[in-house]
Number of protein chains: 2
Amino acid sequence: MAYRKTPAEISRLEAARERLISCATSVVAEVGWSQASVTAVADSAGIAAGSVYQHFPSKAALAVEVFRRAAGREVEVLGEVLHGPGDPVERLRRGVEVFARRALENRGLAYALLAAPAEAAVGAERLDFRRRYRALWAEVVREGTTTGRLPPQNAEITAAALTGAIGEVLVDPLGTPDENAAEELLADLTAAALRCAGAPTA
Amino acid sequence: MAYRKTPAEISRLEAARERLISCATSVVAEVGWSQASVTAVADSAGIAAGSVYQHFPSKAALAVEVFRRAAGREVEVLGEVLHGPGDPVERLRRGVEVFARRALENRGLAYALLAAPAEAAVGAERLDFRRRYRALWAEVVREGTTTGRLPPQNAEITAAALTGAIGEVLVDPLGTPDENAAEELLADLTAAALRCAGAPTA
DNA sequence: GAAAGAAGTGAACCATGATTCAGAGTTTCC
DNA sequence: GGAAACTCTGAATCATGGTTCACTTCTTTC
C-alpha cells in the first residue's frame with residue numbers, strides 16, 4: 001500500500017478536468033469547433049497537449065462533453081420556463097424569448113451549439129439535443145391545443161418548425177453582432193413563433 | 001502552330017467535366033460530403049484521382065460546384081413557383097409543398113444541401129443559398145402584407161423562420177425513409193408554414 | 001528522506017486524405 | 001509518320017492534427 005489518492009488529490013484532478021472543459025468551451029465559443037485543436041485547447045487551459053488524454057480518451061470525447069454541458073444548460077433553462085406556471089401560450093412566448101436572449105448574450109457559444117460545422121460525434125449530439133428541444137416545444141403546444149388556447153395541429157411538426165425557425169432567425173445575427181437591433185429582433189421572432197403555433201395575435 | 005484543341009476535343013473535355021460533377025453529386029447524395037473523398041468520386045466517374053485536378057483546382061472547388069448546381073436548381077424551381085400567377089398566400093403554400101416534395105423525392109441530396117456536415121467552403125455556400133431562399137420567401141410575404149392577405153409583420157424574420165422551419169421539419173424524415181407518411185407530413189408542414197406567415201387557416 | 005506510483009510534458013509518431021508529378025497514352029497538324 | 005502539345009494515370013509526396021510514450025516532476029507512504 002504505497003500510494004493512494006488522497007481526497008485532496010482527487011478533487012484537484014476533478015478541478016483540473018472541469019477547468020479543461022470550461023477552457024475548451026471558451027475556445028469553441030471563440031473560434032469554433034474546427035479551429036479548436038487539442039493543442040489550442042490545452043494551451044488555453046495551461047497544460048500540455050498530452051495531458052488532455054489523462055481526462056478524456058480522445059478529442060471527440062472532450063468535444064462531446066463540452067457540447068453536452070452547454071446544450072444541457074439550455075435545455076434545462078428552456079424546460080423550466082416551459083414547465084412553469086401560467087397560460088401555455090404565454091409560456092411559449094417566454095420560452096422563445098428566453099432562448100433567443102440567452103443565445104444573443106453568448107453568440108459564439110450559441111452559434112457553436114446551433115450551427116457551426118463540427119465533427120461527426122458532435123453532429124450526432126446536436127441531433128439528439130434538437131430532438132429534446134422539439135419534445136419541450138411539443139409538450140406546450142399539445143397543452144395549448146387540448147386547452148383550446150391553440151387551434152388543432154400536429155404538435156410534433158409545429159415543434160420541429162419552431163426549433164428550426166428560431167435557430168435560423170438567430171444564426172445570422174449571431175454572426176454579425178449588432179446590439180441595438182436585438183430587442184426588435186426578439187419581438188419579431190416571438191411574434192413569428194406564436195403565429196407558427198397558431199396563437200391569436202395580441 | 002502544332003496543337004490546337006479541336007471543337008470535338010473541347011466538347012469531350014466539357015462532357016468529362018459535367019460527368020464528373022454529376023457523379024460527384026451522386027456520391028455526395030449517397031454517402032455525404034465527409035465520405036466523398038477525391039478517390040471515391042473519381043472512381044465513380046471512372047477516372048483516376050489525379051484527373052480530377054484537370055477540371056478543378058481543388059477538391060473544395062469541385063464540392064462548391066456540386067453544391068451550387070444542386071442548390072441553384074432548387075432556388076430556381078422555388079422562384080418559379082413563388083413568382084407564378086395567383087394569390088400570394090396560395091403561392092406560398094405551393095412553394096412550401098413543392099420544396100418539400102422535391103426534398104423527399106431526393107432525400108440524400110436534400111440532406112446534403114440542407115444539413116449534412118461539410119467542409120468550410122460548402123458551409124459558406126450553404127449560408128449564401130439560405131439567404132437566397134429567404135429573399136424569395138420574403139418577397140411573397142411582403143406581397144401578402146401589402147395586399148392585405150397577410151397581417152403586418154417583419155417579412156425578413158418570417159422568411160428566415162420559414163427557411164429554418166421547413167429545413168428542420170424535413171431533416172428528420174430525410175434520414176428515415178418512410179414513404180406512406182409523406183402526404184400527411186406535407187399537409188402538416190404547409191399548415192405550419194402558412195400559420196407562421198399569419199395566413200388565415202383554411 | 002527514499003521508494004513507489006501517479007500525473008504532466010512535449011517531441012516523435014501515425015493515419016488520413018488531398019495534391020503532385022514523372023511517365024504513358026492521345027490528339028493535332030504538317 | 002512524327003514532332004509537339006496535351007490528357008490521363010496512380011503511386012509517391014505532403015500537410016494536418018490527433019495520439020502515443022519515454023522521461024520528468026510531483027504525491028504518498030513509511
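Throughout, a chain's letter reflects where its sequence line sits, starting with A, and its residues are numbered from 1. Values below: all heavy atoms of this structure, side chains included; hydrogens, waters and symmetry mates excluded.
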What are the residues of residues 24-38 of chain A, sorted by number, that bring a heavy atom to within less than 4.0 Å of DNA chain D? S37(A), V38(A)
Going by number, which of residues 62-71 of chain B have a non-hydrogen atom under 4.0 Å from DNA chain D?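 None, since no heavy atom is under 4.0 Å.
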Where the side chain of [X] meets the backbone of [Y], is there a donor-acceptor pair that is under 3.5 Å apart?
X	Y	result
T6(A)	E9(A)	no
R107(A)	L104(A)	yes
W33(B)	E119(B)	no
R91(A)	L82(A)	yes

Nearest-nucleotide pick for Y53(A), side chain only, options being dT29(D), dT19(C), dT20(D): dT20(D)
Suppose we screen for side chain to side chain donor-acceptor pair (under 3.5 Å). Which residues come up paired with R93(A), at least two apart in sequence or across chains?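 Per chain and number, R93(A) pairs via side chain to side chain donor-acceptor pair (under 3.5 Å) with E90(A), E97(A).
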Which residues pass the side chain to side chain donor-acceptor pair (under 3.5 Å) test with E18(A), sequence neighbours left out? R69(A)
Using ring-ring contact (aromatic ring centres under 6.0 Å, His included) as the criterion, list what pairs up with Y111(B), not counting sequence neighbours. none
How would you list, by chain and number, every residue that makes a ring-ring contact (aromatic ring centres under 6.0 Å, His included) with F129(B), sequence neighbours excluded? F67(B)
Only counting residues at least two apart or in another chain, list the ones meeting salt bridge (Lys or Arg N to Asp or Glu O under 4.0 Å) with D172(A). R134(B)
With R131(B) via salt bridge (Lys or Arg N to Asp or Glu O under 4.0 Å) - residues at least two apart: D128(B)
To the nearest angstrom, how far is [X] atom [atom1] from [N] atom [atom2]?
X	N	atom1	atom2	value
F56(A)	dG18(D)	CZ	C1'	16 Å
R4(A)	dA7(C)	CZ	P	14 Å
K59(B)	dT20(C)	NZ	P	15 Å
D43(B)	dG17(C)	CG	C1'	14 Å

Under the side-chain contact (heavy atoms from CB on, under 4.5 Å) test, which residues partner V27(B), sequence neighbours left out? V31(B), A36(B), V41(B), S44(B)
For a quick test of your reading: what N or O donor-acceptor pairs under 3.5 Å do the side chains of residues 45-58 of chain B make, sequence neighbours left out?
unit_1	atom_1	unit_2	atom_2	d
S58(B)	OG	A60(B)	N	3.4
S58(B)	OG	A61(B)	N	3.2

What would the secondary structure line of DNA chain C be in dot-bracket form, counting Watson-Crick and G-U wobble pairs under 3.5 Å, with [ ] for pairs that cross earlier ones and | for pairs with another strand? ||||||||||||||||||||||||||||||
Could you run through nucleotides 1-15 of chain D and give me one letter per nucleotide, 5' to 3': B if any protein heavy atom sits under 4.0 Å from the base, S if only the sugar-phosphate is that close, - if neither? ---SBSSBBB-----
Tell me whether E183(B) is salt-bridged to R101(B), with the criterion being a basic N under 4.0 Å from an acidic carboxylate O.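 So E183(B) pairs with R101(B) through a salt bridge.
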